[in-house]
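All figures in this text were calculated on a predicted structure; none of them were measured in a lab.
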Amino acid sequence: MCEKKKFYITTAIAYTSRKPHIGNAYDIVLADMIARYKKMMGFDVYLMTGSDEHGQKIEQCANEAGITPKEYVDKISSEIKSVWNSMNTEYDKFIRTTDEQHEKTVQKIFKKLYDQGDIYKGTYEGKYCVPCESFFTASQLVDGKCPDCGRDVIDSKEEAYFLKLSKYQDKLVEYYEQNPDFIKPESRKNEMINNFIKPGLADLCVSRSTFKWGIPVTFDDRHVIYVWIDALSNYITGIGYDTENSSDTYKKLWPADLHVIGKDIVRFHTIYWPIILMALGEPLPKQVLGHPWVLVGEDKMSKSKGNVIYADELANRFSSDAVRYYLLSEIPYTQDGTITYESFITKFNSDLANTLGNLVNRCIAMTNKYFGGKVTKPVLFNDLDKELISFANDTKVKYYSFMDSYHNADACEAVMNFAKRCNKYIDETAPWTLAKDENSLPRLSAVLYNLLECIRLLGIMLSPVIPNSSKSITEQLNNSDYTLNFGETKEYNVGEATPLFARIDAEKVLAEIKAENEAKSKENSKNVTTLSQISIEDFAKVELLTAKITKCEPIPKAKKLLKLTLDDGSGKERIVASGIAKWYTPDDLIGHNVIVVSNLKPAVLCGAESNGMILAADCSDDLVKVIFTDDIPVGSKIR
């Protein structure tokens with residue numbers, strides 16, 4: 001017996017700054033569909049996904065939540081897993097970049113590259129986007145903002161280690177030329193060549209020294225390893241790579257057959273990652289698929305816009321198969337797709353309830369009604385039958401072609417067109433009329449056989465897309481023949497017909513969703529208190545300055561207080577006692593800039609004289625968040 005050919009597929013690991021929305025979930029749904037299809041085609045498949053858990057943004061989110069970074073990422077990573085599971089995805093491993101083995105191996109990778117001269121120490125000065133964890137030159141900004149996410153950037157200058165990208169530029173171009181299918185779609189490859197490689201690759205900043213939440217550089221504890229070496233290396237650390245002695249699993253699975261990622265991180269996966277691997281002397285992945293985005297209407301999803309849709313919430317309301325089908329059928333190969341509740345319900349009713357569900361239910365019900373469930377292969381096929389069979393065969397060819405090239409929306413369209421053709425065949429043959437004439441029963445038997453064979457094929461082709469419903473089709477047919485050839489089945493008895501998808505009352509459900517969203521909005525604003533108005537003169541009496549926390553320590557016998565030593569730009573230290581010990585440790589605060597009320601009358605708190613007050617926000621669930629202003633110079637006046 002021949003050994004199965006391996007297929008190692010990965011997703012981009014999800015960033016643990018917040019719960020993933022439906023656009024983030026498209027990554028794992030697409031990868032899961034490909035993995036299921038490859039298994040169907042006889043491959044030995046290994047699917048890995050995970051969470052990216054280090055960086056300045058995580059550190060800030062944890063500080064704002066009043067918990068440690070590890071506590072914060074534990075919570076969000078758990079939410080990511082929950083969302084992935086709600087999509088009925090079958091991943092083989094979920095890697096976290098806080099896993100001990102990953103961290104140790106990343107340190108070895110960094111040290112190896114440094115020892116062989118591919119990483120060197122220098123100074124970085126430029127524009128930095130905290131959410132994207134990326135540096136840019138002024139010329140790369142778009143309207144003065146981050147070219148990737150459109151947010152504000154801050155000026156940054158710091159000592160850092162750099163990876164010599166320029167050293168491997170020619171070798172990377174050569175790899176592109178020798179492997180023309182390395183980057184898909186083709187347009188993504190053209191972007192990389194024209195926008196980044198042709199202008200010349202600048203060496204890449206691969207460490208940071210202005211925050212601590214990262215994997216430490218073993219030989220320089222002032223630095224943590226920057227997100228891209230850390231995160232990208234998961235694809236090999238997760239399967240047992242080691243700089244000295246890699247595991248048998250790594251030797252079996254690497255190189256990856258496919259990285260499934262969003263189009264916004266193609267640069268990191270097709271320029272930085274290949275160069276890291278070249279420097280390590282390891283094979284490069286065979287292919288990178290940069291899929292488009294999922295938009296809400298015409299906009300990217302954003303909490304500030306109030307247009308975020310979560311995959312698990314959709315699945316709880318409509319089923320995981322419904323969400324999977326929408327994503328895989330509505331997101332094109334090269335261009336962004338869109339989702340709204342209205343478009344989701346319309347697609348559900350049209351394709352799943354009417355076209356597919358109605359077809360399956362009618363045909364199995366008629367077989368039970370007219371023949372007691374018995375299905376018999378006919379001897380003769382007329383021209384109408386042959387046309388249907390030809391359509392089935394043509395669909396199978398299209399299906400293989402589209403699925404092999406990851407054109408999932410086109411594959412779904414081809415399969416659903418086949419289901420529509422089956423419904424047309426019912427209208428053409430009119431089984432209910434044939435059933436009235438005993439002499440027409442052989443013809444009716446043939447018609448139903450043809451339809452049930454087509455339904456069997458539909459169930460197989462849709463199994464990577466809507467696995468639960470495909471399983472239900474197989475069970476209702478009571479036919480486990482899994483070949484995609486029409487006419488393979490000769491005789492069997494169908495099971496009971498049960499609805500696959502119940503049609504959605506759009507008006508009712510949309511009203512329910514609107515009411516739920518309004519209730520959430522009301523809940524979020526219920527703690528807002530109306531304050532008495534003050535004049536501008538009153539406000540002007542309060543002097544607000546930015547200051548850096550240089551020291552922080554607990555105050556003895558005061559469980560709630562921390563003693564903060566501040567540099568407010570005056571040249572003198574300012575001591576402030578703050579009741580935030582419940583939510584912050586000294587390590588969480590030292591080095592951060594805050595806003596201080598600098599002209600507050602001094603007060604003695606538990607034996608410590610306090611000269612001011614720092615600003616913080618009272619949040620829900622007994623949570624206080626200090627307002628950090630790290631990007632504003634010390635001594636700046638707030639007005």
Candidate pair F268 and W228, rule ring pair (Phe, Tyr, Trp, His ring centres under 6.0 Å), full reasoning
CA-CA 7 Å; F268 307 106; W228 291 110; 3.8 Å; yes
Any chance you could lay out the side chain to side chain contact (heavy atoms under 4.5 Å, CB included) test for Y46 and F7, step after step, and finish with the verdict?
CA-CA 6 Å; Y46 192 93; F7 190 84; over 6 Å; no
Run the ring pair (Phe, Tyr, Trp, His ring centres under 6.0 Å) check on H407 and Y399 step by step: do they pass?
CA-CA 9 Å; H407 285 68; Y399 175 78; over 10 Å; no
Go through F318 and F344 one step at a time and tell me if the ring pair (Phe, Tyr, Trp, His ring centres under 6.0 Å) criterion holds.
CA-CA 10 Å; F318 301 111; F344 183 93; 5.0 Å; yes
Go through the steps for E330 and T338 under the test side-chain hydrogen bond (donor to acceptor under 3.5 Å, both in side chains), then give the verdict.
CA-CA 7 Å; E330 279 294 300; T338 183; over 6 Å; no
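Under the 30°/60° scheme for interplanar angles, the aromatic rings of H269 and Y235 are found to be tilted. Using cut-offs of 30° and 60° on the angle between ring planes, the pair W254 and Y8 is perpendicular.
Between A497 and A365, the shortest heavy-atom contact is CB-N, 4.0 Å. Nearest heavy atom pair, residue I80 against residue S51, reads CD1-CB, 4.0 Å. The minimum heavy-atom distance linking V626 with Y584 is given by the pair N-OH, 2.8 Å. Shown here for M461 and P464, the closest heavy-atom pair between the two residues is O-CD, 3.3 Å. In this structure, S320 and N468 approach most closely via the heavy-atom pair OG-ND2, 3.7 Å. Across C129 and V153, no two heavy atoms sit closer than the pair CB-CG1, 4.0 Å.
A donor-acceptor contact shorter than 3.5 Å is absent between the side chain of D588 and the backbone of N63. T629 contributes no side-chain N or O that, together with a main-chain N or O of I632, makes up a donor-acceptor pair within less than 3.5 Å. A donor-acceptor pair under 3.5 Å links the side-chain atoms of S470 to the main chain of I466, judged by distance alone. Although no hydrogens or angles enter the test, the distance criterion places a donor-acceptor pair under 3.5 Å between the side chain of S86 and the main chain of V83. Within the 3.5 Å criterion, the main-chain N or O of L352 finds no donor-acceptor partner in the side chain of T355. Looking only at distances, no side-chain donor or acceptor of Y325 sits under 3.5 Å from a matching main-chain atom of C412. Side chain of S401 to main chain of V397: no donor-acceptor pair is present (N/O by atom type, distance under 3.5 Å, no hydrogens or angles). At least one donor-acceptor pair under 3.5 Å links the side chain of N408 to the backbone N or O of L328. With hydrogens and angles ignored, the 3.5 Å screen pairs a side-chain donor or acceptor of K93 with a backbone N or O of G238. A donor-acceptor pair under 3.5 Å is formed between the side chain of Q476 and the backbone N or O of T498.
The local environment of NZ in K70 is crowded, with over 12 non-hydrogen atoms from other residues, nucleotides or ligands closer than 6.0 Å. Summarising the local packing, NZ of K514 is surrounded by 12 or fewer heavy atoms from other residues, nucleotides or ligands at distances under 6.0 Å. In the displayed structure, K6 atom NZ is contacted under 6.0 Å by more than 12 heavy atoms of other residues, nucleotides or ligands. For CD of Q335, the number of neighbouring non-hydrogen atoms (other residues, nucleotides, ligands) closer than 6.0 Å is 12 at most. Atom CD of E342 has more than 12 heavy atoms from other residues, nucleotides or ligands within 6.0 Å.
Annotation: side chain of I154 is not in contact with side chain of D630 (no heavy-atom distance under 4.5 Å). I13 has its side chain within reach of I95: a pair of non-hydrogen atoms, C-beta onward, lies under 4.5 Å apart. Residues K145 and R151 form no side-chain contact, since every pair of their non-hydrogen atoms from C-beta on lies 4.5 Å or further apart. Between S329 and K347, some side-chain heavy-atom pair lies under the 4.5 Å cut-off. Taking the side chain as every heavy atom from C-beta outward, L458 and I473 never approach each other to under 4.5 Å. Using a 4.5 Å cut-off on side-chain heavy atoms (C-beta onward), K39 and E90 make contact. For the pair E103/T98, a side-chain contact is recorded, criterion being any heavy-atom separation below 4.5 Å from C-beta on. In this structure the side chain of Y406 reaches within 4.5 angstrom of the side chain of L258, judged on heavy atoms.
In the model, H102 has no side-chain atom that pairs as donor or acceptor with a side-chain atom of T97 under 3.5 Å. Y26 and R324 are not linked by any side-chain donor-acceptor pair at a separation below 3.5 angstrom, with hydrogens and angles left out of the test. Of the N and O atoms on the side chains of S463 and Y482, at least one donor lies less than 3.5 Å from an acceptor on the other residue. In the model, S469 has a side-chain atom that pairs as donor or acceptor with a side-chain atom of D321 under 3.5 Å. If you check the side chains of T11 and Y91, you find no donor sitting under 3.5 Å from an acceptor. Under 3.5 Å, the side chains of D404 and Y37 contain a donor-acceptor pair of N or O atoms. For the residue pair D410/Y333, the side-chain donor-acceptor check at 3.5 Å is not satisfied.
The stretch residues 50-90 participates, sequence neighbours left out, in these ring pair (Phe, Tyr, Trp, His ring centres under 6.0 Å) pairs: H54-W213. Evaluation of the salt bridge (charged side-chain N to carboxylate O under 4.0 Å, His left out) test over residues 43-60, restricted to residues two or more places apart or in two chains, returns D44-K252, E53-R96.
R362 is linked by a salt bridge (Lys or Arg N to Asp or Glu O under 4.0 Å) to nothing, counting only residues two or more places apart in sequence or in another chain. Under the salt bridge (Lys or Arg N to Asp or Glu O under 4.0 Å) criterion, D143 pairs with no residue at all, not counting sequence neighbours. Under the rule for a ring-ring contact (aromatic ring centres under 6.0 Å, His included), F211 has no partner lying at least two apart in sequence or in another chain.
Salt-bridge formation is detected for the pair R36/D32: a Lys NZ or Arg NE/NH1/NH2 atom is positioned less than 4.0 Å from an Asp or Glu carboxylate oxygen. Checked for salt-bridge contact, K420 and E413 miss the test: no charged N lies under 4.0 Å from a carboxylate O. Ion pairing between K75 and E71 fails under the 4.0 Å rule for side-chain N and carboxylate O. Between E191 and R267 there is no salt bridge, since no side-chain nitrogen of the basic residue lies less than 4.0 Å from a carboxylate oxygen of the acidic one.
Stacking of K127 on the aromatic ring of F136 is not recorded, the 6.0 Å distance cut-off and the 45° axial limit not both being met.
When ring centroids are compared, Y310 and H21 stay outside the 6.0 Å threshold.
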Side chains of residues 285-293: which donor-acceptor partners sit under 3.5 Å, not counting sequence neighbours?
from, atom 1, to, atom 2, distance (Å)
K286, NZ, D257, OD1, 3.1
Q287, NE2, D181, O, 2.8
H291, NE2, D27, OD1, 2.3
H291, NE2, I261, O, 3.3
W293, NE1, D264, OD1, 3.4

